[in-house]
Amino acid sequence: MDKSKRLFLKPKRSLRRRLPPIGSGDRIDYRNMSLISRFISEQGKILSRRVNRLTLKQQRLITIAIKQARILSSLPFLNNERQFEKKRVGRSNYGS
């Protein structure tokens with residue numbers, strides 16, 4: 001092989017097979033909070049399919065289960081704990 005052609009070849013990386021995040025026995029359901037909580041960010045947002053490494057069908061079922069759990073109040077719509085921890089800084093003596 002010519003030296004000029006070798007420059008365009010990508011180095012082969014070893015592909016490590018990752019375990020699927022949802023096992024075959026896991027049921028995707030709004031009552032399965034331990035499973036659902038793995039697919040929600042700290043802010044309460046649903047994580048994307050790329051981040052979760054889910055199939056399209058699994059992502060749809062997870063999304064539906066999360067929305068059902070939110071409607072039934074077993075899961076909050078937003079996680080605003082940080083907002084309440086912050087104290088108001090500055091301009092506390094604005095009126096005086």
Side-chain angles (χ1 to χ4, degrees):
M1 203 183 280
D2 292 295
K3 194 173 185 179
S4 61
K5 288 186 180 180
R6 271 191 239 153
L7 296 175
F8 295 109
L9 293 176
K10 293 181 181 178
K12 292 185 179 179
R13 291 184 281 164
S14 63
L15 296 174
R16 191 176 67 165
R17 184 89 175 157
R18 293 183 179 174
L19 295 173
I22 297 178
S24 59
D26 290 338
R27 286 188 49 90
I28 301 174
D29 196 15
Y30 67 92
R31 292 172 285 184
N32 193 351
M33 294 305 294
S34 60
L35 178 71
I36 287 178
S37 61
R38 285 192 272 165
F39 303 107
I40 297 177
S41 69
E42 291 178 3
Q43 299 170 346
K45 295 180 180 180
I46 301 173
L47 293 174
S48 70
R49 193 175 146 225
R50 262 189 323 194
V51 175
N52 291 335
R53 301 186 320 268
L54 294 174
T55 63
L56 183 61
K57 187 174 185 178
Q58 289 172 335
Q59 181 70 22
R60 280 195 201 123
L61 291 172
I62 285 288
T63 303
I64 291 169
I66 290 171
K67 289 179 180 181
Q68 286 174 341
R70 285 176 176 168
I71 290 170
L72 294 172
S73 300
S74 26
L75 197 65
F77 278 92
L78 293 174
N79 190 4
N80 290 333
E81 291 175 7
R82 291 182 186 168
Q83 182 181 1
F84 295 117
E85 289 177 5
K86 290 181 182 177
K87 294 182 180 178
R88 193 171 177 141
V89 180
R91 291 198 177 188
S92 58
N93 297 330
Y94 184 71
S96 32

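Rounded to the nearest 0.5 Å, atoms NZ (K45) and CZ (F77) are 15.5 Å apart. For the atom pair OG1 of T63 and CZ of R49, the computed distance is 11.0 Å after rounding to the nearest 0.5 Å. Rounding to the nearest 0.5 angstrom, the gap separating the CG atom in L72 from the NZ atom in K67 is 14.5 Å. To the nearest 0.5 angstrom, L35 atom CG is 5.5 Å from D26 atom CG. Rounding to the nearest 0.5 angstrom, the gap separating the OG atom in S37 from the CG atom in N32 is 8.5 Å. Rounded to the nearest 0.5 angstrom, I62 CD1 and L54 CG are separated by 6.5 Å.
In plain terms, the two heavy atoms of N52 and L47 that are nearest each other are ND2-O, 3.2 Å.
No chain of hydrophobic side-chain contacts below 4.5 Å, direct or via other Ile, Leu, Val, Met, Phe, Trp or Tyr residues, connects Y30 to I40. Cluster membership for I71 and I36, using ILVMFWY side-chain heavy atoms within less than 4.5 angstrom, is not shared. Linking Ile, Leu, Val, Met, Phe, Trp and Tyr whenever their side-chain heavy atoms come within less than 4.5 Å leaves V51 and I66 in two separate clusters.
In terms of the side-chain hydrogen bond (donor to acceptor under 3.5 Å, both in side chains) criterion, S73 has no residue partners (sequence neighbours excluded). Residues satisfying the salt bridge (charged side-chain N to carboxylate O under 4.0 Å, His left out) test with R31, not counting sequence neighbours, are D29.
The side chain to side chain contact (heavy atoms under 4.5 Å, CB included) test with T55 singles out one residue from K57, Q59, R53, and that residue is K57.
Here the side chain of R70 pairs no donor or acceptor atom with the backbone of L75 at under 3.5 angstrom.
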